There are 2 protein chains.
Amino acid sequence: MEDLQRLTEEMRDCLGIDHLVYHWMGAQGAQYGCGTYSPLWLARYAAQGYLRVDPVIQSCFQRVHPVDWKALDWSSKAARAFLKDALAHGVGNQGFTVPIRGPNGQFAIFTVSHSCDDALWADFLAQWRAELILAAHGINAKALELMPEPATQTPVALSPRELDAMRLLATGLSRAQIAAELNISEHTVRVYIEGARFKLGALNTTHAVARALSCGLIAI
Amino acid sequence: MEDLQRLTEEMRDCLGIDHLVYHWMGAQGAQYGCGTYSPLWLARYAAQGYLRVDPVIQSCFQRVHPVDWKALDWSSKAARAFLKDALAHGVGNQGFTVPIRGPNGQFAIFTVSHSCDDALWADFLAQWRAELILAAHGINAKALELMPEPATQTPVALSPRELDAMRLLATGLSRAQIAAELNISEHTVRVYIEGARFKLGALNTTHAVARALSCGLIAI
DNA sequence: CGCGCCCTCGCCATTTCGGGGGAGGGGATT
DNA sequence: AATCCCCTCCCCCGAAATGGCGAGGGCGCG
């Protein structure tokens, strides 16, 4: 994985910016990151639980397209505190982040950050935006190649009926309602749910639905 | 949405290929597509349930990166029958498909297809690959802009404790376990869950967790 | 021709969830 | 000062989910 670290540094130098970061998040909290942020900031980021505060993460989790940090909502108190802390640790005041999704709920972001005024940043993005998107996917491809196997391969496959059950559960139906919907007995529905629960390694129905959702097996 | 249809046709002409298709799949089986395949083929594709057979879809659903159709597994009986049928309906023998994912299990593919020999196709891809990936994301962006529902997600705000409860529920804990985890009474946990359920307009706990997940309020 | 997986169904007991009442204190906003 | 929301705690009870035991037929694979 040192290759990737070097790659991010080279890419940063080539672009002439302060920072370039790639961060991958898999299922069950598995993570991998590389980039040019200071180790001190990374440690602080983890220690403070900024993953749940960072507007970049929050926003990218709900969007498809890259985002300029200026377009984010920094109004909340937590976000302001985070921003101040980030600036103090060398993160640029400008940023551009590309969200990338994979199967089974994999999620990654590719970020470039720099300290400069808005006009300069706008010029930079106008020139490099397309390249950055391609670079994001390129780095993600490389990262997935190098990723240890268990992280990337999650061959959980539910049967069609189990998927039906999970889908209907996720929309709020009870077992009896699902049975009526699928025109089968409630007990059969139970077998599907139990099967899905077992395959997903879930402790209960809610857990199973949550996993099925976050793995991208179902959607609501 | 006619804009998109015209865009795909223009893009196809610009690239000088036979077909260019964009296909979006969202929640509850919602679908939207545009492109240059013949209506006859589209009708047949739907009627035959090829969505569950098509190796392009099957493969892209499990992968992050674009794929040349030649790299796919066409060995199964169903796949061969599908391929024969596709060729008979004007689909090219060469193809390149870019998978795109969004939040909430949104999934889209962008495909270019052409009839030619392998060498010519390799040249084409070498020249246009990067552009095609960018075009895929561009079309997807445009499609999502024009799409009616998914953008109209009402921003629901849960209280910190309600988020805690949802998060722990999503990891499979029962109310009693959550109470122990948070060092509060089980009844209090119930109040949080009921509050979250109400705010999310959910019918039950599982539904609430599913919504919280798909809204990006929590993650596991 | 087994073996495994998928689909379908039944009964019983226990645990958990959901809905209905309450109560009080703290903080922010108006 | 009043009002709203958030956090915290208590009772009861019926409905739903879960866990365990069983059953059979169908389909594909080695």
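Order of the sequence lines fixes the chain letters, A, B, ..., with proteins taken first and strands second; residue numbering starts at 1 for each chain. Keep in mind that what you see is a predicted model, and the values were worked out from it rather than measured.
Side-chain contact between B:Asp85 and B:Arg44: present, with at least one pair of heavy atoms (C-beta onward) separated by less than 4.5 Å.
Regarding A:Ile193, its CD1 atom lies at a distance of 8 Å from the P atom of D:dA17, rounded to whole Å. In this structure, B:Leu168 places its CG atom 13 Å from P of C:dC17, rounding to the nearest Å. Remark: C1' of D:dC5 and CD of B:Glu194 are 16 Å apart, rounded to the nearest angstrom. To the nearest angstrom, C1' of D:dC6 lies 13 Å from CG of B:Leu163.
Remark: A:Arg63 engages no residue in a salt bridge (Lys or Arg N to Asp or Glu O under 4.0 Å) (not counting sequence neighbours). Partners of A:His137 by ring-ring contact (aromatic ring centres under 6.0 Å, His included), not counting sequence neighbours, listed by chain and number: B:His137. Applying the ring-ring contact (aromatic ring centres under 6.0 Å, His included) rule to A:His89 yields the partners A:Trp41; only residues at least two apart in sequence or on another chain are considered. Under the ring-ring contact (aromatic ring centres under 6.0 Å, His included) criterion, A:His19 pairs with A:Tyr37, sequence neighbours left out. The ring-ring contact (aromatic ring centres under 6.0 Å, His included) search around A:Phe198 returns none, not counting sequence neighbours.
Toward the 5′ end of DNA chain D lies the nearest nucleotide of B:Pro160, the other residue of the pair B:Pro160 and A:Leu203 mapping further downstream. Along DNA chain D, the nucleotide nearest to A:Asn204 and the one nearest to B:Ser159 differ in position, and the one closer to the 5' end is contacted by B:Ser159.
Residue B:Lys199 has a polar side-chain atom (N or O) positioned under 4.0 Å from OP1 or OP2 of D:dC6.
Of all the residues in residues 172-191 of chain B, B:Ser174, B:Arg175, B:His187, B:Arg190 reach under 4.0 Å from DNA chain C with at least one non-hydrogen atom.
With D:dG19, D:dA17, D:dC7 as the candidates, the nucleotide lying closest to the side chain of A:Thr205 is D:dA17.
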